[in-house]
Each structure stands twice: as C-alpha cells, then as structure tokens.
Protein chains: 2
Amino acid sequence: MREFVYKHSKHLVAVDCIIFGYEKGQLKILLSRRRFQPAKGKWSLMGGWVGENETVKKAAERVLSEITGLKEIYLEQVSVFSDPARDPGGRVISVAFYAMIYINRQDTELVKQHRAKWWPFEKKPELIFDHNRMVESAHERLKVKAGYELIGEDLLPEKFTILQLRRLYEAVFQQPIDPGNFRKKVLSLKILEKLAEKNTDDSRKGAYYYQFNHHPESIIKERIVKI
Amino acid sequence: MREFVYKHSKHLVAVDCIIFGYEKGQLKILLSRRRFQPAKGKWSLMGGWVGENETVKKAAERVLSEITGLKEIYLEQVSVFSDPARDPGGRVISVAFYAMIYINRQDTELVKQHRAKWWPFEKKPELIFDHNRMVESAHERLKVKAGYELIGEDLLPEKFTILQLRRLYEAVFQQPIDPGNFRKKVLSLKILEKLAEKNTDDSRKGAYYYQFNHHPESIIKERIVKI
DNA sequence: ACAAAAGTGTTTCGGCTACACCCATGC
DNA sequence: GCATGGGTGTAGCCGAAACACTTTTGT
C-alpha cells in the first residue's frame, strides 16, 4: 500500500456529465431520473463515483460508456462543485464535465435502461441539487469553445451540409447567424472537406456534403462567432 | 450525521495555489520548500487539504491567508489534477487555483516562516509532481483573463501609471506591447480613473496616476490583448 | 543637448456586417 | 412562376497595428 504518508479526512468524489447532443435542429441534453435516494425519481445529470485508481476524466468516460455504450467521447472539464451542502445525501465533491455526442451512434437500449432521455436544451426540466448551475456553466463553456474553434465533429453525422452546421451553431448560441457570412468564415478555416455527394433533403437545389478533414495541422483556433 | 446514504471509497482532496504577484516589472510566483515527505525540501506550490466542511475555494482561501496573512484574495479555479500516481505519497486529488496578490500587502514574516519565496516567473525552479503543469495551465488562464478584461487591480498598488500597467501586461504575455495603442485601448474601457497626482519616478515628464474605479457597471469584457 | 517616457494623432489594413444578387429546382 | 435554400460578391464600417510626432524635464 502507498497510503502511508498522509493523515487527513477523505471525501466522496463524483463526476457529473452534461451530455450535449444535436438532433432535428435542436441542441439536446441527456438527463436521467435518479434511481436512488435522496431525490429519487427526479431529473438529474448522469453521474458516478470516482474510483480508487482512476482519474476524474476516466470516471466520466466510464459513466458515459455505461450509459451510451460509446467510447472515445469528447469530454471537457468544467469545474468543481464542492459546497458541503450541495447534496443532501452527504458531503460529495463533484467534478462537472461536458460531453458532445452524435445521438444516432448511441446504444438506445442502454439509454432506455438508465431511464435517460434526450431533452431539447431550452425545454429541459428543473434538475436536482446544483445540477442547473452545472448545466449553465457547461453551456457557457460550450459557447466559448464553439466561438473559437469549429465544433460539430462530435455532434453531427460524418457528412453534413453547411446549413446543418449553421443550424447547430444557431442552436448553441440561440441566435440567428447570417448564412453567407457563416459559410465564408467556416470554409476559410480550411478544416472542412467538400464531398462529391449532395444533400437534396433540405433544399431544391441540393447542397454539397462536407466532412471534417483529419489533418492535425488544421486545428485552427480563430474566432467563429462573437459572443 | 448525514453520511448515511452513499457507500463508496473516499479520497484525499487537496488544493494547490499558483500565486501570482508583480514586483519591479516582473511577474512573480510564490513557491515554498516542502516541509514533509515525500519530496521534502523541494520547491512546490502552496497547498493544503480540503476539510470536511468547506468548499475547495474556501480551502484555497485558507491556505492563502495562512501563508500571506491576506483575506479576500482574487482566486480562480484552474482545473482538477487527479492522476492516481501524481503524488508518490498517496492518492490525492488536487484542485488547482490561481491567485493574484499585491506583494507589498503580504505579511512578510508569515511568508518567511513558511519557507516561501517569490520567484520571477521566468526563472522559477523545477517543481514537484505535476506542479509544473499546474503552473502552465494557470498561466494560460491568466493570459486569457488578461486578454479579455483589465487585470492589475489585485497585482498593482492602489494608484499606478499606465506605464506600470503596461509593464504588467508585458510581463504576463512576455512580449512587448505598443505604448500608444495600449494607452488608448485601456483608457477607452473607461474603468480607470485619472488622479490629480503624478508619478515622477519613472519619467522626467511625470505620468498621471490612475486607479480602478469601482462602479460595478464598468466591468467590461472586451479584448485587450490578442493572444 | 539629449534621453526617455508621456501623450496624441494619423494612416493603413483586414475582417466583420449587412446586404444584394444570381442559381437550381420541386411544387 | 414562385418560394426556398445554395452559393457568390461587395460596399461600408470599425478596430487593431504601426508609427510619426510633439511635450516635458532631469541630467
């Protein structure tokens, strides 16, 4: 054993995940009904305990794969929530992470088993404890990120149109974005690759599909949307 | 007792503080020699345990006031460091905070007692464990913050000249900044108040002192330095 | 006289904004 | 032919950057 040096009180440490998805033009968030006391049955973020031999990020990945069946999910640490009274069930220090998921890739059965449901972000219910604040912080972070680098790789299908990408941005920022300017800005980053195929579902004329190109040199951080 | 609900392994949780100061045109950082094993005598960040009934921020504030004698210090959470092997003395989850301090306001005796020393940021020694990475993250955060809102209120004396403020920015970004443009940009934010008094130490002509005005409406977030 | 910072002014340049405008096509 | 999105072009505006220039005063 290594635990020979430090003598001090210990804490329960948890992770809570704000899971963003995108479907039918809407930003969504995956929530579940709590399966134990306190606040059993209430809507909450997906969470889990941090184990003895894992990082907090690994714990969050474990929670996400337990619920969605997915590995290699985009995850970013938001912040620690540590008010001693934040959880009426006991003193729990929680690290919030946000994730981005392409909804159609999830394991629908698993999600159902966990009594989880995708909510449109603007219509999400009240959450337990400080989870509302966590969601707020995560959304802020998502906006900052989306404002400075192109998001969508983890939220959209492999191939998508510029319209779909713009609708995603409009959903994230909850404001309309000029179509022409958005197109020019996004394409100027040179991280999207035009495909031969066209999408004719959303328009008469048909729009070319694009995909993220995976050349690592192209991870450019430049302002996309001003906040 | 409230600890009746959850059964799960617990963790030691610590805070580590990256304490920035500014003195004689240099960005500085407060480090201390470790007073216990492992890595006793090596340079490290100031840290402490998170108690049973305090938030991580309160723990960081406690650590800071123990060492500098100061209350009400500017503190911002950086990130959680939780590699199970990050501390050879045991499994410790650590939350990193950065702080900004006006060095002359500290309790010099207390600092000495803690075997702590202000190091010029660019000449700091190797630190224990993952503390180097913590400092790096904190510095990144500081630059982002300074790039979007005017810092200095916590690092500079009550009254200061535009030159002193610019020197601070140059120290934070470690790059020269155009004097004329910086002056115009900073004053355009309208959060500095010109005083009647002049400083004649740094120039022949003498420069007016300024101070932060404390009207809460003036907390403007606008880009000051492009990163 | 000179140096060094204070303080102001000016020119240029690039990017963002707000549009206008043509294209393609299913109804 | 009309509505809808696709896609391109452009004039105007604004702020950043670069830098010239004048002021002040101790040495």
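Here the structure is a predicted model, which means the values were calculated and not measured. Just so it is clear: chains get the letters A, B, ... in the order the sequence lines come, proteins before strands, and each one is counted from 1.
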Rounded to the nearest Å, what distance is computed from the [atom1] atom of residue [X] to the [atom2] atom of nucleotide [N]?
X         : N       : atom1 : atom2 : result
Leu192(B) : dA6(C)  : CG    : P     : 14 Å
Leu187(A) : dG15(C) : CG    : C1'   : 16 Å
Leu189(A) : dG15(C) : CG    : P     : 12 Å
Leu165(B) : dG7(C)  : CG    : C1'   : 16 Å
Tyr208(B) : dT23(D) : OH    : P     : 16 Å
Gln164(A) : dG6(D)  : CD    : C1'   : 13 Å
Asn199(B) : dA6(C)  : CG    : P     : 8 Å

Among Leu192(B), Ile191(B), Asn181(B), the one residue meeting side chain to side chain contact (heavy atoms under 4.5 Å, CB included) with Val186(B):
Leu192(B)

For Ile162(A), answer base if it contacts any base atom (sugar-phosphate contacts may also be present), sugar-phosphate if it contacts only those atoms, and nothing otherwise; contact means non-hydrogen atoms under 4.0 Å.
nothing

Would you mind classifying the nucleic acid contact of Asp202(A) as base, sugar-phosphate or nothing, using non-hydrogen atoms under 4.0 angstrom?
sugar-phosphate

Evaluate side-chain contact (heavy atoms from CB on, under 4.5 Å) for Glu193(A) paired with Tyr210(A), printing each intermediate quantity in order.
CA-CA 5 Å; Glu193(A) 206 171 311; Tyr210(A) 287 82; 5.9 Å; no

Please confirm whether the shortest side-chain N or O distance from Lys184(A) to OP1 or OP2 of dT8(D) is below 4.0 Å.
no

Does a salt bridge link Glu61(A) with Lys57(A), judged by any charged N lying under 4.0 Å from a carboxylate O?
no

Does a side-chain N-to-carboxylate-O contact under 4.0 Å join Arg86(B) and Asp16(B)?
yes

Please work out which of the three classes, parallel, tilted or perpendicular, describes the rings of Phe160(B) and Phe212(B), given edges at 30° and 60°.
tilted

Does the plane of the ring in Phe20(A) sit parallel, tilted or perpendicular to the ring in Tyr98(A)? Use 30° and 60° as the thresholds.
perpendicular

Closest to the side chain of Asn181(A), out of dT17(C), dG7(D), dG7(C), is dT17(C)

Side chain of Lys185(B) only, heavy atoms from C-beta on: which candidate in dA16(D), dC19(D), dG6(D) is closest?
dA16(D)

At a cut-off of 3.5 Å, list every protein nitrogen or oxygen paired with a nitrogen or oxygen from nucleotides 23-27 of chain C, distance to 0.1 Å.
from: dC23(C); atom 1: O2; to: Lys205(A); atom 2: NZ; distance (Å): 3.4

Base of dA16(D) paired with side chain of Asp178(B) (donor-acceptor, under 3.5 Å)
no

Cation-aromatic face contact Lys123(B)/Phe121(B), 6.0 Å, 45 degrees:
no

